[in-house]
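Worksheet for the structure shown next.
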Amino acid sequence: MKTKYVFVLGGVTSSLGKGIISASLAKLLQARGLRVTIQKFDPYINIDPGTLNPYEHGECYVTEDGAETDLDLGHYERFLNVYTSKANNVTTGRVYQTVIQKEREGAFLGKTVQVIPHITDEIKRRMLLLGKTGDYDVVISEIGGTVGDIESQPFVEAIRQLQWEMDDEDCVVLHLTLVPFLNAAKELKTKPTQHSVRMLQQNGLQPDIIVCRTEHHLTPDIRKKIALFCNVKYNAVIESIDARSIYEVPLRMMDEKLDEIVIEKLHLKNAAKPDLKEWKKFLDKLCHPKHEVNVALVGKYVELQDAYKSILESFIHAGAANECKVNVHSLHSESVTESTVAEKLQGMHAVLVAPGFGERGLEGKIAAVRYAREHKIPFLGICLGMQMAVIEYARHVLGYTDAMTTEVEPGTGHPVIDLMADQKRLTIKGGTMRLGAYACALQKGSLACRIYGKEQIKERHRHRYEVNSDYVAEFEQHGLFASGKNVETGLVEIVELRDHPFFIGVQFHPELKSTAENPHPLFVALVKAASEAI
Ligand code: GLN
């Protein structure tokens with residue numbers, strides 16, 4: 001079967017949830033037996049979001065093959081339960097880099113290199129790339145930003161050309177807009193949607209489907225108005241009303257028959273009846289928790305929910321698996337000190353110390369680890385959180401009061417967390433961390449091994465610093481032991497504590513592999529331990 005394409009563009013404002021709509025549509029098509037993938041095109045000039053501060057665009061999501069990508073790829077994986085890859089995230093920077101490199105190689109000798117056709121051709125090439133593998137029936141391409149932005153123009157033009165080049169039944173253009181409710185007038189307003197669609201039309205692009213984000217139900221009149229003025233069929237105006245949980249959106253989209261419209265337009269004759277049994281089971285558990293736990297999330301980006309997106313979602317998955325509502329209490333690591341920690345962690349049934357970079361908030365993280373260790377509160381430290389657990393142990397159990405990571409104190413007398421030799425040589429920041437999936441061997445009988453239920457795992461990484469192997473023997477003598485080690489290098493990937501009900505630090509990011517239908521065992525076990533701590 002020929003691969004079909006869906007293009008998703010947003011209008012009116014950002015943050016309407018294009019990623020969730022794309023993932024929901026993909027889920028519905030997948031539930032009908034189709035092979036689907038989603039890719040994200042980001043109009044910014046960074047080559048990838050790896051060098052961006054989380055305050056800019058939220059967390060950086062790392063794929064199995066080590067690409068640093070937009071957090072929407074996390075939604076794709078969490079909804080579809082299949083891996084994405086480097087090819088699934090493309091930025092303007094990446095597109096220009098390829099074109100400029102080709103120019104230097106002489107690929108366009110004699111020609112003026114221009115946005116049209118050279119940049120748009122490269123965008124088109126990448127839009128079709130995953131489809132060419134033959135692995136997918138449908139490829140959904142989401143375009144970041146909002147229609148009308150200067151930087152998204154080449155992407156809109158590329159889609160226009162593809163829409164023109166392809167047969168009618170090979171592509172669908174979906175436009176997501178906002179239908180605001182004016183409280184004073186007590187009315188839903190369609191004008192912003194009309195303007196947004198007109199802007200698309202000015203660029204030669206006609207949407208086939210309009211998905212309207214709204215806080216109130218769309219009346220038939222409103223739907224008619226949008227259909228008429230935006231030149232789409234009545235049933236192609238889809239209501240996307242605020243949902244209790246993002247995981248409900250696929251079902252809402254099914255009620256609105258979004259999948260049926262796409263299937264009809266794309267002539268997807270082999271689409272089966274949707275099977276959402278597992279999804280509904282997950283949702284049912286999510287919506288009907290039998291008890292609650294309180295978990296502290298200690299980090300320095302807590303003001304911004306998107307900075308810890310995958311961790312928060314992992315707790316939702318693990319909560320559902322335990323039929324338990326997980327109340328995540330964000331604690332700013334700068335507000336935690338030796339004297340405030342007891343009060344801050346009061347009532348918490350588990351503590352998660354978050355990943356991060358740089359010096360800010362480190363001491364707060366160390367204080368939180370110490371409290372969890374000494375008071376036997378279930379603890380999970382991720383990446384920097386694990387590194388802080390190692391430092392805390394070195395300081396307060398081994399007595400190395402100056403123990404530190406060389407990330408913030410290169411001259412420390414006890415560099416228990418240190419840069420590996422291959423990292424020391426690097427001068428370039430972008431894309432040079434230890435990235436992507438690495439195999440890790442688990443020590444038989446350890447808590448980690450029991451939780452995973454196997455002796456070898458593969459988890460995703462994003463860091464430069466490592467536990468310094470010179471100290472491992474000493475740590476182990478006292479009770480902090482390496483229960484997981486990198487299969488090839490022997491580097492420490494997991495530490496855990498003897499004589500503690502649940503104390504685990506992981507150098508990798510388990511949150512990147514948790515999905516709705518396949519919750520991560522470490523999070524499931526942490527929530528379980530938290531429930532038992534009540
Ligand atoms: N800053 C630490 C390192 O680079 C931890 C990174 C992280 O938490 N992702 O090793």
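This structure is a prediction, so every number in the text was calculated from the model and none was measured.
Between Leu251 and Leu283, some side-chain heavy-atom pair lies under the 4.5 Å cut-off. Side-chain contact between Ile417 and Met404 is absent, with no heavy-atom pair separated by less than 4.5 Å. Between Val326 and Ile316 the shortest side-chain heavy-atom distance does not fall below 4.5 Å. Inter-residue side-chain proximity for Glu359 and Glu409 is flagged as unmet; no heavy-atom pair is nearer than 4.5 Å. Annotation: side chain of Val6 is not in contact with side chain of Val139 (no heavy-atom distance under 4.5 Å). With contacts defined as side-chain heavy-atom distances shorter than 4.5 Å, the pair Pro415/Tyr471 qualifies. Side-chain contact between Arg464 and Lys429 is present, with heavy atoms from C-beta onward closer than 4.5 Å. The shortest side-chain heavy-atom distance between Cys440 and Val506 does not fall under the 4.5 Å cut-off.
The backbone N or O of Ala482 lies less than 3.5 Å from a partner atom in the side chain of Glu476, making a donor-acceptor pair. Listed for the Asp275 side chain is no donor-acceptor partner under 3.5 Å among the backbone atoms of Ala31. Side chain of Ser314 to main chain of Ser514: no donor-acceptor pair is present (N/O by atom type, distance under 3.5 Å, no hydrogens or angles). Counting only distance, with no hydrogens or angles, the side chain of Asn294 and the backbone of Ala296 share no donor-acceptor pair below 3.5 Å. Judged by distance alone, with hydrogens and angles left aside, the side-chain atoms of Asn322 form a donor-acceptor pair with the main-chain N or O of Val524 at under 3.5 Å. Side chain of Thr3 to backbone of Gly131: a donor-acceptor contact under 3.5 angstrom is found. Within the 3.5 Å criterion, the main-chain N or O of Thr340 finds a donor-acceptor partner in the side chain of Thr337. Checking side-chain atoms of Asn486 against main-chain N and O of Thr489 turns up a donor-acceptor pair under 3.5 Å.
Within a 6.0 Å radius of NZ in Lys528, other residues, nucleotides and ligands contribute 12 heavy atoms or fewer. Around the CG atom of Leu129, the shell of radius 6.0 Å holds more than 12 heavy atoms that belong to other residues, nucleotides or ligands. Under a cut-off of 6.0 angstrom, the local environment of CD in Glu303 is crowded, with over 12 non-hydrogen atoms contributed by other residues, nucleotides or ligands. Within 6.0 Å of CD on Glu323 lie more than 12 heavy atoms contributed by other residues, nucleotides or ligands.
Taking the six-membered ring for Trp and the full ring otherwise, Phe315 and Phe523 have centroids separated by under 6.0 Å. Aromatic ring centres of His57 and Tyr44: separated by under 6.0 Å. You'll find the ring centres of His509 and Tyr61 outside the 6.0 Å limit. Between Phe502 and Phe379, the ring centre distance reaches or exceeds 6.0 Å. Ring-centre distance between Phe508 and Tyr438: not below the 6.0 Å cut-off.
With salt bridges taken as basic N to acidic carboxylate O contacts below 4.0 Å, one links Glu77 and Arg460. One finds no salt bridge joining Asp135 and Arg35 here, because no Lys/Arg side-chain nitrogen approaches an Asp/Glu carboxylate oxygen to under 4.0 Å. The pair Glu517-Lys27 meets the salt-bridge criterion, with a side-chain N (NZ, NE, NH1 or NH2) lying under 4.0 Å from an Asp/Glu carboxylate O. Comment: Glu278 engages Lys281 in a salt bridge, judged by a side-chain N to carboxylate O separation of less than 4.0 angstrom. Under 4.0 Å is where a charged nitrogen must lie from a carboxylate oxygen, and between Glu105 and Lys102 no such pair does. The pair Arg462-Glu68 meets the salt-bridge criterion, with a side-chain N (NZ, NE, NH1 or NH2) lying under 4.0 Å from an Asp/Glu carboxylate O. Looking at Glu392 and Lys365, no side-chain N of the basic residue comes within less than 4.0 Å of a carboxylate O on the acidic one, giving no salt bridge.
Pairs passing the salt bridge (charged side-chain N to carboxylate O under 4.0 Å, His left out) check and including a residue from residues 486-502, sequence neighbours excluded, read Arg434-Glu493. Evaluation of the salt bridge (charged side-chain N to carboxylate O under 4.0 Å, His left out) test over residues 324-342, restricted to residues two or more places apart or in two chains, returns Glu334-Arg360, Glu338-Arg370.
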Practice prompt. Evaluate the side-chain contact (heavy atoms from CB on, under 4.5 Å) criterion for residues Val302 and Leu331: first the C-alpha distance (whole Å), next the side-chain angles of each, then the deciding distance (0.1 Å), finally the verdict.
Written response: CA-CA 7 Å; Val302 289; Leu331 267 189; 5.9 Å; no
Discussion item. Evaluate Leu497 against Arg373 for side-chain contact (heavy atoms from CB on, under 4.5 Å), listing each step before the verdict.
Written reply: CA-CA 9 Å; Leu497 209 53; Arg373 179 176 62 77; 3.4 Å; yes
Practice prompt. List the steps and the verdict of side-chain hydrogen bond (donor to acceptor under 3.5 Å, both in side chains) for Tyr83 and Lys513.
Written response: CA-CA 9 Å; Tyr83 293 158; Lys513 285 178 89 160; 3.3 Å; yes
Practice prompt. Begin from the C-alpha positions of Tyr308 and Glu511 and carry the test side-chain hydrogen bond (donor to acceptor under 3.5 Å, both in side chains) through to its verdict.
Written response: CA-CA 9 Å; Tyr308 299 118; Glu511 73 275 19; over 6 Å; no
Fill in: Candidate pair His75 and Ile246, rule side-chain contact (heavy atoms from CB on, under 4.5 Å), full reasoning
CA-CA 10 Å; His75 289 310; Ile246 55 169; 4.0 Å; yes
Worksheet item: Going through the checks in order, is the side-chain contact (heavy atoms from CB on, under 4.5 Å) test met by Leu442 and Gln456?
Response: CA-CA 6 Å; Leu442 303 178; Gln456 190 158 325; over 6 Å; no
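Here the shortest heavy-atom pairing between Asp72 and Lys40 reads OD2-NZ, 3.0 Å. Closest approach of Arg78 to Ser310, counting heavy atoms only: NH1-OG, 3.0 Å. Glu407 approaches Gly358 most closely through the heavy-atom pair OE2-N, 2.9 Å. Leu28 approaches Met254 most closely through the heavy-atom pair CD1-N, 3.7 Å. When all heavy atoms of Ser531 and Cys324 are compared, the pair lying nearest together is OG-SG, 4.2 Å. Across all their heavy atoms, Ala354 and Leu297 have their closest contact at CB-CD1, 4.1 Å.
Judged purely by distance below 3.5 Å, without hydrogens or angles, the side chains of Thr37 and Asn88 pair a donor atom with an acceptor atom. Judged by distance alone, the side chains of Asp42 and Thr91 never bring a donor and an acceptor atom under 3.5 Å apart. Judged purely by distance below 3.5 Å, without hydrogens or angles, the side chains of Ser141 and Gln39 pair a donor atom with an acceptor atom. Counted by atom type alone, Thr98 and Arg125 present zero donor-acceptor pairs between their side chains at under 3.5 Å. Thr515 and Asn518 are not linked by any side-chain donor-acceptor pair at a separation below 3.5 angstrom, with hydrogens and angles left out of the test. For the residue pair Glu459 / His520, a side-chain donor-acceptor distance below 3.5 Å is found, with atom types taken as modelled. A donor-acceptor contact closer than 3.5 angstrom links the side chains of Glu474 and Tyr400. Between the side chains of Asp48 and Asn89, not a single donor N or O lies within less than 3.5 Å of an accepting N or O. At a cut-off of 3.5 Å, with distance as the only test, no side-chain donor of Thr412 or Asp402 sits close to an acceptor on the other residue.
Among residues two or more places apart in sequence or in another chain, the salt bridge (Lys or Arg N to Asp or Glu O under 4.0 Å) test is passed with Lys458 by none.
Between Tyr301 and Tyr55, the ring planes are perpendicular. Angles over 60° get that label, and only those under 30° would be called parallel. Classification of the Trp279-Tyr247 ring pair by plane angle, with boundaries at 30° and 60°, yields tilted.
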